[in-house]
Amino acid sequence: MRVELVRIGNSRGIRLPKPVIEQCGLGDAAELHVEQGRIVITPEHTPRQGWRAAFAAAGPPRNQPELLPVPPNEFDEQEWAW
(Lines give C-alpha, C1' and ligand atoms only; values in the text may rest on other atoms or scores of the structure.)
Protein backbone atom coordinates (compact mmCIF):
# COMPACT_ATOMS: atom_id res chain seq x y z
CA MET A 1 0.00 0.00 0.00
CA ARG A 2 1.41 3.36 -0.98
CA VAL A 3 0.89 6.31 1.38
CA GLU A 4 1.85 9.96 1.05
CA LEU A 5 4.05 11.71 3.59
CA VAL A 6 2.20 14.77 4.88
CA ARG A 7 3.79 17.83 6.45
CA ILE A 8 3.11 18.21 10.18
CA GLY A 9 4.97 21.31 11.32
CA ASN A 10 8.67 20.63 10.72
CA SER A 11 8.02 16.87 10.63
CA ARG A 12 6.37 14.46 8.24
CA GLY A 13 3.72 11.87 8.95
CA ILE A 14 1.49 9.27 7.36
CA ARG A 15 -2.20 8.59 7.72
CA LEU A 16 -3.07 5.00 8.57
CA PRO A 17 -6.35 3.78 7.09
CA LYS A 18 -8.92 2.64 9.66
CA PRO A 19 -8.89 -1.01 8.47
CA VAL A 20 -5.10 -1.15 9.00
CA ILE A 21 -5.45 0.29 12.50
CA GLU A 22 -8.12 -2.26 13.38
CA GLN A 23 -6.23 -5.17 11.81
CA CYS A 24 -3.09 -4.32 13.83
CA GLY A 25 -4.98 -3.73 17.08
CA LEU A 26 -3.69 -0.19 17.50
CA GLY A 27 -5.33 2.12 20.03
CA ASP A 28 -4.69 5.80 20.72
CA ALA A 29 -0.91 5.23 21.02
CA ALA A 30 1.62 2.83 19.52
CA GLU A 31 5.24 1.75 19.87
CA LEU A 32 7.53 2.91 17.05
CA HIS A 33 11.08 1.77 16.28
CA VAL A 34 13.43 1.35 13.35
CA GLU A 35 14.55 -2.16 12.47
CA GLN A 36 17.01 -2.80 9.62
CA GLY A 37 16.08 0.44 7.87
CA ARG A 38 12.33 -0.13 8.26
CA ILE A 39 9.81 1.65 10.45
CA VAL A 40 7.98 -0.80 12.70
CA ILE A 41 4.75 0.23 14.44
CA THR A 42 3.30 -2.11 17.07
CA PRO A 43 0.47 -1.84 19.60
CA GLU A 44 1.43 -0.03 22.80
CA HIS A 45 2.37 -2.37 25.63
CA THR A 46 0.99 -1.50 29.03
CA PRO A 47 3.07 -2.01 32.19
CA ARG A 48 2.89 -5.59 33.48
CA GLN A 49 1.03 -6.71 30.36
CA GLY A 50 0.89 -10.51 30.31
CA TRP A 51 1.96 -10.94 33.93
CA ARG A 52 -1.35 -12.51 35.00
CA ALA A 53 -1.04 -15.23 32.36
CA ALA A 54 2.64 -15.78 33.23
CA PHE A 55 1.86 -16.23 36.93
CA ALA A 56 -1.00 -18.59 36.11
CA ALA A 57 1.30 -20.64 33.87
CA ALA A 58 3.88 -20.87 36.66
CA GLY A 59 1.49 -22.98 38.74
CA PRO A 60 0.34 -22.70 42.35
CA PRO A 61 2.63 -21.08 44.92
CA ARG A 62 4.98 -23.42 46.79
CA ASN A 63 6.07 -23.18 50.39
CA GLN A 64 9.68 -22.09 50.26
CA PRO A 65 12.08 -21.46 53.10
CA GLU A 66 13.16 -17.90 53.65
CA LEU A 67 15.88 -16.92 51.23
CA LEU A 68 17.88 -14.94 53.79
CA PRO A 69 17.09 -16.06 57.34
CA VAL A 70 18.20 -13.27 59.63
CA PRO A 71 18.35 -13.85 63.39
CA PRO A 72 16.84 -11.17 65.65
CA ASN A 73 19.22 -8.35 66.52
CA GLU A 74 19.43 -5.80 69.33
CA PHE A 75 16.93 -3.47 67.63
CA ASP A 76 14.40 -6.27 67.31
CA GLU A 77 14.73 -7.26 70.95
CA GLN A 78 14.80 -3.82 72.58
CA GLU A 79 13.37 -1.09 70.34
CA TRP A 80 10.79 -2.72 68.13
CA ALA A 81 7.24 -2.51 69.41
CA TRP A 82 4.09 -3.91 67.83
Side-chain angles (χ1 to χ4, degrees):
M1 172 185 301
R2 183 176 184 281
V3 294
E4 295 286 330
L5 292 175
V6 295
R7 186 167 292 281
I8 303 172
N10 290 332
S11 301
R12 302 285 219 129
I14 61 169
R15 291 188 182 99
L16 300 175
K18 185 177 179 180
V20 171
I21 293 171
E22 291 172 351
Q23 184 178 357
C24 294
L26 299 176
D28 291 332
E31 298 287 333
L32 174 82
H33 66 276
V34 177
E35 188 175 287
Q36 297 178 355
R38 297 178 179 182
I39 299 170
V40 179
I41 302 171
T42 57
E44 180 180 37
H45 297 290
T46 58
R48 294 175 288 287
Q49 181 176 348
W51 282 24
R52 185 178 304 278
F55 279 114
R62 297 175 280 165
N63 289 332
Q64 296 181 349
E66 292 181 30
L67 297 177
L68 298 172
V70 178
N73 60 28
E74 185 178 316
F75 175 81
D76 294 327
E77 294 172 358
Q78 297 175 8
E79 296 186 33
W80 183 255
W82 290 97

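Owing to the predicted nature of the structure, the values given are computational and were not obtained by experimental measurement. Basis for what follows: all heavy atoms, side chains included, without hydrogens, waters or symmetry-related copies.
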A.B. asks: Under 6.0 Å from the CZ atom of F55, do we count more than 12 heavy atoms belonging to anything else shown?
C.D. replies: no
A.B. asks: Any chance CD of Q49 has more than 12 other-residue heavy atoms, nucleotides or ligands included, within less than 6.0 Å?
C.D. replies: yes
A.B. asks: Do M1 and V20 come close enough that some side-chain heavy atom pair is under 4.5 Å?
C.D. replies: yes
A.B. asks: Which pairs would a plain distance check flag for residues 3-15, meaning a side-chain donor or acceptor within less than 3.5 Å of a matching protein atom at least two apart in sequence or in another chain?
C.D. replies:
unit_1, atom_1, unit_2, atom_2, d
E4, OE2, R2, NH1, 2.4
E4, OE2, R2, NH2, 3.4
R12, NH1, L5, O, 3.3

A.B. asks: By salt bridge (charged side-chain N to carboxylate O under 4.0 Å, His left out), which residues pair with E22, not counting sequence neighbours?
C.D. replies: K18
A.B. asks: For P43 versus C24, what's the shortest heavy-atom pair and its separation?
C.D. replies: CG-O, 3.3 Å
A.B. asks: With a cut-off of 3.5 Å and sequence neighbours excluded, list every side-chain donor-acceptor pair involving residues 31-39.
C.D. replies:
unit_1, atom_1, unit_2, atom_2, d
H33, NE2, E35, OE1, 3.2

